[in-house]
Each structure stands twice: as structure tokens, then as C-alpha cells.
Amino acid sequence: MRLKDKIALVTGASRGIGYASCLALAREGATIVGTARSTKDLAELEKAVTAVGGKAKTFPGDVTKSADVASVVKQAIDAFGRVDILVNNAGIGGYRPFLDWTEEDYDRIMTTNAKSTWLFCKEVLPHMLKQGGGNIVNVSSVAGLQGYPNEGIYCMSKFAQVALSQSLDREFYQKNIKVSLVCPGGVETHFAIGDGRTYDGANMKGFSSAEDVAEAVVLAVLPRDRSRVVNVILRPMNEMT
Ligand code: NDP
């Protein structure tokens with residue numbers, strides 16, 4: 001129980017990597033605050049966390065809306081008085097030949113992936129500063145470290161998360177706020193089946209599991225006095241690059 005007494009706010013908690021991260025953090029003793037849009041799936045998450053002996057509260061919200069982000073953070077603070085761990089995980093993909101991308105695609109993907117990360121950091125950091133520390137984990141991607149064909153706007157959004165993480169790490173580590181990146185390659189989730197990777201569905205044989213990524217999230221936030229985890233890169237076993 002290495003995260004006993006920690007309050008962990010996880011976005012995109014309704015399924016996939018976010019859901020698995022909630023369970024992994026709860027198994028280490030953290031109290032979970034989960035958010036996403038799907039209330040039914042959030043109710044399932046609360047039950048699943050309870051089933052592993054943990055405690056969870058969920059607050060529905062749309063990460064693209066600043067009022068929802070502020071409201072989710074306020075509800076977390078009202079319920080538990082603090083946020084020790086923020087996991088910015090909510091995200092969507094997109095796969096199009098470059099000339100097919102639309103302005104609507106740009107706004108939707110950049111806002112869901114990049115702006116939401118900024119919004120949550122902006123809302124949570126004042127509380128972490130007041131508390132005297134905290135951990136932020138931004139779930140970016142290997143597509144935030146190198147460009148991939150047909151994923152131009154998705155890559156832009158994931159590079160933006162990397163840029164923000166590096167900037168916040170340097171700005172806040174001396175205040176005991178540790179900012180980590182987790183950069184997975186292909187992961188076997190809803191994201192990888194749908195528009196996130198291909199129109200037709202990806203061959204997910206050899207992809208990482210959501211639980212693999214959740215372990216990386218836990219690794220990033222485990223208490224340690226002398227180090228901070230800056231970046232964890234997971235490459236699936238079916239991928240050479
Ligand atoms: P899923 O599609 O399984 O889950 C995405 C989560 O994000 C859901 O909980 C969804 O909840 C939430 N979400 C999406 N849009 C919004 C929104 N507007 N407001 C609130 N919540 C939202 O995907 P993964 O678990 O695979 O992806 C999680 C993260 O991992 C993403 O940032 C993705 O870029 C990254 N990643 C994934 C990889 C993969 O191959 N799967 C590879 C590398 C990185 P709901 O719909 O209920 O709102």
C-alpha cells in the first residue's frame with residue numbers, strides 16, 4: 001500500500017488505460033476520483049475499485065469544457081480536501097491522410113488531448129502548491145515523440161502534452177511537484193479498435209495491455225525522496241520502431 005492516504009484524480013477513467021490506472025492506483029491504497037463523460041461506465045468503475053478493496057468517487061464531465069474541468073476539481077477538493085496525483089489520460093485519436101483533415105478535426109483532437117491537459121494542470125496546481133507537493137502524469141504517446149504518417153493532428157496534440165510536461169517539470173520540481181510523461185505505443189483498448197488508429201480496426205496482436213500502462217502510471221507516482229520519473233516509454237512487442 002505505497003499510496004495510502006493519496007488522492008488520485010484520473011481523467012478518461014471510464015475505460016481503457018484510465019480505468020486500469022484507477023484500479024492499479026487503488027490497489028496501492030490511493031483513493032480514486034475518476035472522471036469521463038459516460039456516467040454508466042463511471043458507476044461500474046466505482047464498483048470495480050470497491051471490489052479491489054479501494055475507495056472511489058466519480059464526477060462526470062467533458063474535459064474539453066473549462067467549466068466542467070473546474071467543477072470536477074472543485075468536487076474532488078470538496079470531497080477529499082486535496083489532490084495528490086493527477087493523471088491526464090483522457091484522449092481521442094484520429095487517422096486521416098493529411099489532406100483530409102478538417103478544421104473541426106483539429107479543434108476536436110487538440111482540445112480533447114492538449115487543451116484538457118493544460119486545463120486540469122491549471123486547476124490542480126494551486127492545490128498542489130498549497131499542499132506542498134504532488135504528482136502529475138500526462139499520458140501522451142510514442143506519437144508525442146516522433147511523427148507518424150496519417151496521424152498529423154493526433155501527433156501534434158501528443159507533442160503538445162510532452163512540451164507542457166517538460167515545461168512544468170522544470171518549473172515546479174523544486175516545489176516538490178513531479179511531472180511525468182507516460183508514452184505508450186499501441187495499447188489494446190477501444191481507442192485502438194476505432195478511429196484512433198485505423199478506419200478498419202487495428203490488428204492488436206502483440207499490443208501492450210491497458211494494465212501495462214497502468215503499471216507505468218503507478219511507477220511514476222510512487223513516493224521517492226531523491227528522484228522523479230520524467231518519462232516512461234512503452235513499446236508493444238509487435239512494433240519495431
Ligand atoms: P479509450 O478510448 O479506451 O479511452 C478514452 C477515455 O477518454 C475514455 O474514458 C473516454 O471517456 C475519455 N474521453 C474521451 N473524450 C473525452 C471528453 N471529451 N471528455 C471526457 N472524457 C473523454 O482510449 P485509451 O484508454 O487507449 O486512451 C487513453 C489515453 O492513452 C489517450 O490519451 C490516448 O491518446 C493514449 N494512448 C493510447 C494508445 C492506444 O493505442 N490505445 C497509445 C498511446 C497513447 P468517455 O467517452 O466516457 O468520456
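When a ligand or atom number is given, it counts from 1 through the structure's own listing order. The residues of the chain are indexed from 1 along the displayed sequence.
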Quick one: which ligand 1 atoms are inside 4.0 Å of a heavy atom on T112?
-> 15 (N)
Under 4.0 Å between heavy atoms, the region of Y19 that gets near ligand 1 turns out to be neither
Any heavy atom of T64 sitting closer than 4.0 Å to ligand 1?
-> yes
Provide the closest heavy-atom pair for Y19 versus A48 in the form atom of the first, atom of the second, distance.
-> OH-CB, 3.2 Å
For residues 209-229, the salt bridge (charged side-chain N to carboxylate O under 4.0 Å, His left out) pairs (sequence neighbours left out) are D169-R228
Going by heavy atoms, is S140 under 4.0 Å from ligand 1?
-> yes
D105-T102 side chain donor-acceptor pair, cut-off 3.5 Å = yes
Atom indices of ligand 1 within 4.0 angstrom of V139 heavy atoms, with elements = 30 (O), 32 (O)
Backbone N/O of V162 and side chain of S140: donor-acceptor pair under 3.5 Å | no
T189 neighbourhood, listing ligand 1 atoms whose heavy-atom distance to it stays under 4.0 Å = 3 (O), 23 (O), 24 (P), 25 (O), 26 (O), 41 (N)
For K158, counting its heavy atoms only, list the atoms of ligand 1 lying under 4.0 Å from any of them.
-> 31 (C), 32 (O), 33 (C), 34 (O)
Closest approach of A24 and V218, non-hydrogen atoms and distance?
-> CB-CG2, 3.7 Å
Nearest heavy-atom contact between V187 and A210 is CG1-N, 3.6 Å
Proximity winner for atom 29 (C) of ligand 1, if only heavy atoms of D62, V69, I17, N89 are counted = N89
Taking only heavy atoms of G185, which atoms of ligand 1 are found under 4.0 Å from at least one of them?
-> 38 (C), 40 (O), 42 (C), 43 (C)
CD of E104: more than 12 outside heavy atoms within 6.0 angstrom?
-> yes
Taking L181 as the fixed residue, which of V137, I233, V232, N231 is the one that meets the side-chain contact (heavy atoms from CB on, under 4.5 Å) rule?
-> N231
Minimum side-chain heavy-atom gap V179-Y173 below 4.5 Å = no
Is Y106 atom OH crowded by more than 12 heavy atoms from other residues, nucleotides or ligands, each under 6.0 Å away?
-> no
Closest to atom 16 (C) of ligand 1 by heavy-atom distance, out of R37, K40, H190, is R37
Among A210, A192, G91, P184, whose heavy atom sits nearest atom 5 (C) of ligand 1?
-> G91
Flag the pair I136 / F120 as yes when at least one side-chain heavy-atom distance between them is below 4.5 Å, and no otherwise.
-> no
Relative to the heavy atoms of Y154, which atoms of ligand 1 are at a distance of less than 4.0 Å?
-> 33 (C), 34 (O), 36 (N), 44 (C)
Can G61 be said to touch ligand 1, with heavy atoms closer than 4.0 Å?
-> yes
Can you list the atoms of ligand 1 that are under 4.0 Å from a heavy atom of G186?
-> 40 (O)
Tightest non-hydrogen contact, residues F98 and N150, listed as N-OD1, 4.5 Å
Does I92, backbone or side chain, put an N or O under 3.5 Å from an N or O of ligand 1?
-> no
Answer yes or no for F207: is there a heavy-atom contact with ligand 1 below 4.0 Å?
-> no
Can you sort out which atoms of ligand 1 are near S38, meaning under 4.0 Å from one of its heavy atoms?
-> 47 (O)
For C183, is the nearest heavy atom under 4.0 Å from an atom of ligand 1?
-> no
Of the listed options (S14, P60, G94), which comes nearest to atom 10 (C) of ligand 1 when hydrogens are ignored and any heavy atom counts?
-> S14
Heavy atom under 4.0 Å from ligand 1: found in V187's side chain, backbone, both, or neither?
-> both
